[in-house]
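Numbers restart at 1 for each chain; the letters A, B, ... are given by sequence-line order, proteins then strands.
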Protein chains: 2
Amino acid sequence: MMGRTHYAADVNAEAIGKKVRVAGWVHRRRDHGGLVFVDLRDRTGLVQIVAEPENPMFATLDRVRAEYVVGVQGTVRARPEGMVNPDLASGAVEIVPDEVVVYAESKTPPFNVPDAEQVDELLRLKYRYLDLRRPTLISNLILRDRALMAIRRFFHEHGFLDVETPSLARSTPEGARDFLVPSRIQPGHFYALPQSPQIFKQLLMVAGIDRYYQIAKVFRDEDLRADRQPEFTQIDVEMSFMDREAILTMMEEMLVTLFQEVLGVSLEQFPRMTWKAAMTQYGSDKPDLRAGPPLKDLTSVAQGLGWEVFSQSEHVVGAHLIGYQPSRKELDGWVERARSLGASGLVWIVRGPDGSLRSSAAKWLGEDGLLKLAEAAELASGDTLLMAAGSGWAPFEVTGQLRLAFARENGRLEPGWRFLWVTEFPLFEWSEEEGRLVSAHHPFTMPHPDDIERLTDDPAAVRSEAYDVVLNGTELASGSLRIYQPELQAKIFEVLGLSGDETAEKFGFLLDAFQYGAPPHGGIAFGLDRLLMLMAGADSIRDVIAFPKTARGTDPLMNAPSEVSDAQLAEVYLSIRR
Amino acid sequence: MMGRTHYAADVNAEAIGKKVRVAGWVHRRRDHGGLVFVDLRDRTGLVQIVAEPENPMFATLDRVRAEYVVGVQGTVRARPEGMVNPDLASGAVEIVPDEVVVYAESKTPPFNVPDAEQVDELLRLKYRYLDLRRPTLISNLILRDRALMAIRRFFHEHGFLDVETPSLARSTPEGARDFLVPSRIQPGHFYALPQSPQIFKQLLMVAGIDRYYQIAKVFRDEDLRADRQPEFTQIDVEMSFMDREAILTMMEEMLVTLFQEVLGVSLEQFPRMTWKAAMTQYGSDKPDLRAGPPLKDLTSVAQGLGWEVFSQSEHVVGAHLIGYQPSRKELDGWVERARSLGASGLVWIVRGPDGSLRSSAAKWLGEDGLLKLAEAAELASGDTLLMAAGSGWAPFEVTGQLRLAFARENGRLEPGWRFLWVTEFPLFEWSEEEGRLVSAHHPFTMPHPDDIERLTDDPAAVRSEAYDVVLNGTELASGSLRIYQPELQAKIFEVLGLSGDETAEKFGFLLDAFQYGAPPHGGIAFGLDRLLMLMAGADSIRDVIAFPKTARGTDPLMNAPSEVSDAQLAEVYLSIRR
């Protein structure tokens, strides 16, 4: 047997009358009217095998059970009228076997593959090889494969070299926590698994590779949140002699190609938005453009209404909820939610279908005040406005959250793929923990050329040449132009309060490299797992990873991590600290 | 500036009269006849920039030094007659600049990039970003990229899914030494970096992925030999429902496609040879078919010549050195070499140009005996025969080594790409260390169907369904059909002397998986670095890896491995054992 001629999904009307060989797993077996029916499953789908009692293979087919592995040779025929299954690629036909080989039997599995979706995830992870038999998960792995190929083809065609960088690298104290790998040859010394190939890719630019990409496994020993993995995959890119515009255009083209080839979706040109505009209009550095209109900055109108809550606030910002007439209870819920987000309060204005206005602040603002605000916010009949007041970004962030929550929880997210570029992030951010400015992106990020003068007197106001790709409110990629001038890099370290010794210790080899001719360069890194999760419409990145780990970083299938022998530890000069 | 229009190698006669923009590094700068010449280097090669003193860019160009990073805009013109350089793609033209931007200067580098080949490797590794500027190394990375793409395209087109398997896996006591990664969440527990995705890929077959490939980073903490790396890359493949013939054909087609696309070489069909035939004919399980004729098994003739050295030996084997008339001193050298390989002696027969025979054993074999041996070996005038006698594989291995040494050291390796398949390896081999049979490949290797009966009474004689790809005497890939029947697997563990507990501890999850319907499957893994080294004609795998480690496993560039803080160790519950 062996030598399959068709996958299940390829056995269709064109194959009627032909002899075929298929192979796979028994998805379901049932007796009906004296006949035996077997749905045979392979990675493409199902195909029905049917045997009458006179068929010499009847007995063999009759004894198979769920998840047996079988090969079937037989003749394809049209299903009887009324038995056609339009949901299946092979739903118009069935195979009458003349040979059936049972390659392997199966114990009763711990859960039924067809119903696995309902099973507890921990059990599914323990039996991942059964869970992966689910059509949804197999489809996700097929999507992943197709996406990887489309991405690689794009980069290859655009002159990027796929260069592998080391996995056994060096621990750098900046950034997230490293996974360590003890050395057996140098006692007390450790490699670290890379958190990103950042330094290697910059060295490749110094080496003249010019255009680099890698689909790279990276590692972060962070406290795991629900949908985070200790190892994950990133599309890592770096380019020389290209300005920001050229880099953004190239990366956008890559995503357009990917979506076209894999999903058949034509993306429109990505809007560009500065970080400041994103914060002002959406209260977020990753705006979800599907979630209705931007925020309304009502500060100038609100401050003139004579109510001190507004007039003493730096900003008054409104989330405009279109076609929403909340009950009093719902309005109380919004107020509560704003408070839980850190706001001191929330003012709502509801414009009834008849154009009338009611508000939690009617008593202070008066009919005229409400009208002015409603007009400034372009509040139509039937709409609701939620307003927060305060200083800094807080009122933007609070109303941004409410805007998003409203759209998500009320089915108001517009369908589609809403990409955008966010640019000009701040170069530094204040770390309360360290009591100093730290790099918002990383210390190699190029300052915005218009702001270089301000590095000395007002570093916190300096914008950077960093950029993010955002899709439907999720950050997909983050990148920047890099500093390639040693003097400018030294200046940045000075602002960061790092001494020469510290920078030499942490980044010495990169700074050394920059002494020998570094080209202007920039790059980006995409979180592949998250991108695929969105493309697959999956709920979790675990659904697009073949062998994911739990939120605690364990693998219930292999039972990893595990204990090792003392001899193994002795070889690397370690002992367990109790 | 920026926005390069041409790479150096693309500035050719077609560009004459056009305005171009190039960017790269100053390879060489020289003054000649009052003009300044700069060879600008990018990853494709060199292009000459030339400025007369009246050129407004003369001063800028005059001050650049080696490894400065510059962008040049200018007009292409034909070089004056007699100045054409046929070794360069751009050798017929030069660029007259109208704009030159110096992006970055360079300190005097620790070695000249054009002469880097002669520099000590440790220094080159420390300044790898300079070493990588060498055209040879850049070409190797370009070759690597093209090969990766060709390989991936082949697998993609043949329905293989690229599936990423975990890097944080579980330590298994079989095989080479694992690199360990301590867990911060589970004190005293460790992940291990994978030595291969073997178990994961077999689980993917159980899951129904059907055809899998991955270009995977794998890790072995072995004692490093000269040309071995602690992390290396493997092309990892597994297929279901395919017999050995189908698997070998598919993999051969992959290599044929790779060589055609990347090197433009048309490979012939690979010969197949059983392990026994390889040992008998070449004294090696990785025969180099370029090294002249196979060994001659002269046992039956030699045993009848009445000389007890031959008549008491199990095997008498000859290496036939064609067109070789060694001096007495050279012959003594061969005898010495045979002894250093463990032979008790070596008999030589030299056939002079006139057909006369002389031999180290003339006195015992007589003219007649020599003639019989020479005829049996088809020794023509001008040839030499080196014979070893003994038992087991030793005389084959010794003469196999001599055959190879002769061809390598005397320029007798035929040019070309001589691939072959070696099949039917022994399933087990005897471990002196452990005093038991161990798996020659790994314990999941399928026994040869004709030998399954012998598992009980003569396991050492059982052949396997393992196969290797050999190229020019180097093992490139190793694979096998796998056992998919739980009972057969249990039988193998029994022969290996492993108890149920031990097998459950080591391989429990795989054996569990096989209870739930494992398809017939098999696969292979190619050492990518070694394959690329051969394709590139490089001397070391370090020349086809962007950032290789030294033979001691260190990275002189990043200075890895390195010490880490006690706080970092405490977080993973470890202390250094002094």
Side-chain angles (χ1 to χ4, degrees), chain A residues 2 4 23 25 43 67 69 103-104 106-107 109 129 132-133 145 148-149 156 161-163 166-168 170-171 179 181 183-186 188-191 203 206-208 210 217 221 231 241 243 509 513 515-520 546-547 552-553 557-558 560-562 564 573-577, chain B residues 2 4 23 25 43 67 69 103-104 106-107 109 129 132-133 145 148-149 156 161-163 166-168 170-171 179 181 183-186 188-191 203 206-208 210 217 221 231 241 243 509 513 515-520 546-547 552-553 557-558 560-562 564 573-577:
Chain A
M2 298 259 203
R4 159 207 281 138
W25 283 258
R43 75 181 202 199
E67 305 311 323
V69 184
Y103 290 116
S106 169
K107 291 203 301 192
Y129 45 88
L132 282 173
R133 291 181 187 170
D145 168 76
L148 286 170
M149 196 64 202
H156 187 74
L161 297 187
D162 180 358
V163 181
S167 298
L168 295 172
R170 180 193 161 90
S171 182
F179 279 107
V181 183
S183 163
R184 185 174 51 83
I185 298 179
Q186 296 199 49
H189 285 58
F190 296 79
Y191 303 100
L203 289 173
V206 176
D210 206 75
K217 187 69 78 69
D221 189 11
E231 55 177 307
F241 302 113
D243 58 23
F509 44 96
Q515 306 286 333
Y516 298 105
F547 298 102
R552 281 182 52 78
L557 167 58
M558 302 193 84
S562 65
V564 299
Y573 307 93
L574 291 177
S575 40
I576 308 283
R577 202 185 276 226
Chain B
M2 298 260 203
R4 154 205 285 139
W25 283 258
R43 76 181 202 199
E67 306 310 323
V69 185
Y103 290 117
S106 169
K107 290 204 302 191
Y129 44 88
L132 283 173
R133 290 183 188 169
D145 168 75
L148 286 169
M149 197 63 203
H156 187 75
L161 298 187
D162 181 357
V163 181
S167 298
L168 296 172
R170 180 192 161 90
S171 182
F179 279 107
V181 183
S183 163
R184 187 175 48 85
I185 298 180
Q186 295 198 49
H189 285 60
F190 296 79
Y191 302 100
L203 289 172
V206 176
D210 207 76
K217 187 68 77 72
D221 189 9
E231 55 177 308
F241 302 114
D243 58 23
F509 45 95
Q515 306 286 332
Y516 298 106
F547 298 103
R552 280 181 53 78
L557 168 58
M558 303 193 82
S562 64
V564 300
Y573 308 94
L574 290 177
S575 41
I576 309 284
R577 201 185 278 224

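Residues meeting the ring-ring contact (aromatic ring centres under 6.0 Å, His included) test with B:F547, sequence neighbours left out: A:F200. Taking the salt bridge (Lys or Arg N to Asp or Glu O under 4.0 Å) definition, one finds that A:D145 meets it with nothing, sequence neighbours left out.
Minimum interatomic distance between A:R4 and A:A23 (heavy atoms only, all atoms of both residues): NH2-O, 3.4 Å. The minimum heavy-atom distance linking B:G553 with B:P561 is given by the pair O-CD, 4.0 Å. The two atoms that bring A:Y516 and B:P109 nearest to each other are CE2-CA, 3.6 Å, heavy atoms only. Of all non-hydrogen atoms in B:A104 and A:G517, the two that sit nearest each other are CB-CA, 4.3 Å.
Judged purely by atom type and a 3.5 angstrom limit, B:R43 has no side-chain atom pairing as donor or acceptor with the backbone of A:D210.
Looking only at heavy-atom pairs under 4.5 Å with chain A, the residue among B:A513, B:A560, B:A546 that has the most is B:A513. Options B:V206, B:I576, B:V564, B:L557 differ in how many heavy-atom pairs under 4.5 Å they form with chain A, and the most are formed by B:V206. Of the listed residues B:L168, B:L132, B:D243, the one with more heavy-atom pairs under 4.5 angstrom with chain A than any other is B:L168. Here A:A207 is the residue among A:S183, A:G188, A:A207 with the most heavy-atom pairs under 4.5 Å with chain B. Taking chain B as the reference chain and counting heavy-atom pairs below 4.5 Å, the highest number among A:H156, A:Q186, A:E67 is found for A:H156. When each of B:L203, B:V181, B:L574 is checked for heavy-atom pairs under 4.5 Å with chain A, B:L574 comes out on top.
For A:K217, the part lying near chain B is the side chain, with the backbone staying farther off; criterion is any non-hydrogen pair under 4.5 Å. Only the backbone of B:A518 has a heavy atom closer than 4.5 Å to any heavy atom of chain A. For a residue to count as touching a neighbouring chain, one of its non-hydrogen atoms must lie under 4.5 Å from one of that chain's; by this rule A:V163 touches chain B with the side chain only. Using a 4.5 Å cut-off between heavy atoms, A:S575 contacts chain B through both its backbone and its side chain. Contact of A:L148 with chain B is made through the side chain alone, with heavy-atom distances under 4.5 Å.
Below 30°, between 30° and 60°, or above 60°: for B:F241 and A:Y103 the angle between ring planes is between 30° and 60°, a tilted geometry.
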